[in-house]
Structures are given as C-alpha cells and as structure tokens.
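Worksheet: one structure, shown below.
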Amino acid sequence: MVDADPQRAMLRIELDASDWLFAENEDGPTRAQRIQHWHTSTAPREQMDDAMRAWLELTLEALAPSNSDELVAVHLPSMAASPTTVRVRFTTDTPTCELDLDEVVRRSLGNTVEPPKVEPHAAVQLGRGVRAVGFRLRGPGRELDGSLAFGFRAGQIVVSVLCANADFGALVRHASAVMEFVDAISIVDTNEEGSS
C-alpha cells in the first residue's frame, strides 16, 4: 500500500467484476445507467421489473457515502441473491492516539453475541492486517446473522472494511467475491494520481 500523506489520501478499488454495484453520490440518470449496465452484464436472462429497478436505485442512493474517506459497494450476483454490502473507511491516527486494529475491527462489528475472535489476515494491496466475524441475533425469530470485518494499517492511515448480509449463509457462499473485493482496495496519494 502507498504510504500516502493522510491529508492527500484517497481510497481506490481496482476490480474487474460486473456483479458489484457502487453506491455513489450521483444524479438519478447516472445511477440508472449503472444499474442497467449491471443488469446487462450480470443477469441478462433475468427480467428486471420497475419495482426491482426502483429498489436498486433507492438502495444505492441510501447507501451512498457522505464523504471522500468512505466507499460503499453492493455485491449482487443475481436479482434473486441476497445483497452483501461492503463499507470501506479510512481514518488516521492523531498525535495523541494511535488506533489499535483489533479495536477498530471489534468496534465496526458492533454488539455481538460473543466477543469476536480477531485473527491475522493479509490482503493483496493493503498488506497485513486483521479480520474477525461477529454474530448477532435479529428479528422476532432471533435468527443468527453475522458480519465480517477487516482492519489494515499503512503509516498513520487505518482502513476498516465491514461486510454484511442479512443472510449470513449468502455471505459465506459469496466469501470468495468478498475476498477479491478486499484484495482490490488500495490507498493512493492524490498528488501522485494527478501527476500520472
């Protein structure tokens, strides 16, 4: 990972996969075009009705990040699939506080049934870090669901990744796509981007 100046750092994802939709602050027509591209590339044999199209547009609009230190994407390999949401954030240490990766991962998982076990993990672009799975009970039936969280450090920059799906079985089934996504995340220096 580039050891970028935190003031000039920016998240980037280089991923050649059609089954991901990025939630971005954009106008309606642009969002609609990206949804149409996803449909044509990923699920061309499936009929997309107006209700499904509207749901996708509202979902991407609601998930769109409010600032440049965050990226949000939705993994949707088919229209019938349960969507996996991946939220990537980066933050920086302060002069008085160096962030602990284990704590960053635990905090991003929120309240869990049991304290999550944090273990080492390495990503292609971000290098060595940690990961953990957190389980929660939800709904009147008290179903068990879970999320997968990662944490990485480069100098003063800490990157956290939270992957969630209401159907934890779907998150497990799509784990390889999630890992490819995590491997594709990098931090770039905007000065270097502008000069290249």
Side-chain angles (χ1 to χ4, degrees), residues 1-17 20-26 30-31 34 59-75 83-112 114-136 146-165 171 174-175 177-196:
M1 179 174 15
V2 172
D3 193 10
D5 181 334
Q7 301 301 315
R8 302 190 312 258
M10 179 180 77
L11 286 167
R12 181 170 65 189
I13 305 212
E14 293 184 27
L15 187 68
D16 184 20
W20 288 91
L21 281 163
F22 284 85
E24 299 178 18
N25 289 306
E26 58 193 352
T30 305
R31 188 176 293 116
R34 286 194 306 108
T59 298
L60 295 180
E61 183 178 5
L63 291 172
S66 56
N67 50 52
S68 61
D69 61 359
E70 184 176 34
L71 285 171
V72 182
V74 178
H75 181 243
T84 297
T85 304
V86 178
R87 189 173 296 273
V88 186
R89 293 186 174 117
F90 83 83
T91 187
T92 57
D93 295 324
T94 66
T96 57
C97 176
E98 182 174 304
L99 296 166
D100 177 78
L101 286 186
D102 288 19
E103 184 56 33
V104 167
V105 165
R106 287 192 189 97
R107 196 177 329 120
S108 66
L109 288 170
N111 294 326
T112 55
E114 293 182 356
K117 180 184 175 185
V118 181
E119 58 187 16
H121 179 81
V124 171
Q125 300 287 337
L126 297 174
R128 288 185 295 178
V130 296
R131 72 176 175 189
V133 177
F135 294 98
R136 288 174 299 280
S147 300
L148 182 59
F150 300 84
F152 304 93
R153 170 182 293 286
Q156 294 177 283
I157 298 174
V158 171
V159 178
S160 64
V161 185
L162 180 65
C163 312
N165 191 315
L171 183 59
H174 303 147
V178 169
M179 293 303 181
E180 285 177 13
F181 186 95
V182 172
D183 281 340
I185 301 167
S186 62
I187 292 284
V188 296
D189 189 306
T190 53
N191 274 6
E192 293 181 11
E193 286 282 285
S195 61
S196 60

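The analysis underlying the following values was restricted to heavy atoms, covering all of them including side chains, and did not include hydrogens, waters or symmetry mates. Keep in mind it's a predicted model, so treat the numbers as computed, not measured.
Within the 6.0 Å centre-distance limit, the rings of Phe150 and His121 are counted as a close aromatic pair.
Val130 is not listed as a side-chain neighbour of Arg106, based on a closest heavy-atom distance of 4.5 Å or more. The shortest distance between side-chain heavy atoms of Phe135 and Thr112 does not fall below 4.5 Å. In this structure, Phe152 and Ile187 have side chains that are not in contact, with every pair of non-hydrogen atoms separated by 4.5 Å or more.
Summarising the geometry, atom CG belonging to Leu11 is positioned 9.0 Å from atom CD1 belonging to Ile157; distances are rounded to the nearest 0.5 Å. The CD atom of Glu119 sits 11.0 Å away from atom CG of Asp102, with the distance rounded to the nearest 0.5 Å. The CD1 atom of Ile13 lies 4.5 Å from the CZ atom of Phe22; values are rounded to the nearest 0.5 Å. In this structure, CD in Glu24 is found 4.5 Å from CZ in Arg34, a value given to the nearest 0.5 Å. Remark: Leu71 CG to Arg89 CZ distance equals 11.0 Å, nearest 0.5 Å.
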Residues Thr91, Asp69; criterion side-chain contact (heavy atoms from CB on, under 4.5 Å); working and verdict: CA-CA 7 Å; Thr91 187; Asp69 61 359; 5.9 Å; no

Evaluate the criterion side-chain contact (heavy atoms from CB on, under 4.5 Å) for residue pair Leu162 and Leu109; output intermediate values, then yes/no. CA-CA 7 Å; Leu162 180 65; Leu109 288 170; 3.9 Å; yes

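Ring geometry, Trp20 versus His75: the interplanar angle falls from 30° to 60°, so the pair is classed tilted.
Of all non-hydrogen atoms in Gly146 and Leu171, the two that sit nearest each other are O-CD2, 3.9 Å. Asn165 approaches Pro83 most closely through the heavy-atom pair ND2-O, 3.1 Å. In this structure, Asp183 and Ala123 approach most closely via the heavy-atom pair OD1-CA, 3.3 Å. Between Leu99 and Thr92, the closest heavy-atom pair is CD1-O, 4.0 Å. Pairing each heavy atom of Val105 with each of Ala149, the nearest pair is CG1-CB, 3.8 Å. Of all heavy-atom pairs spanning Pro65 and Glu70, the tightest one is CB-OE1, 3.4 Å.
The closest donor-acceptor contact from the side chain of Arg153 to the backbone of Leu101 lies at 3.5 Å or more, if one exists at all.
Checking Arg136 against Ser147 by side-chain atom types alone, a donor-acceptor pair falls below 3.5 Å.
More than 12 non-hydrogen atoms from other residues, nucleotides or ligands lie less than 6.0 angstrom from CG of Asn25.
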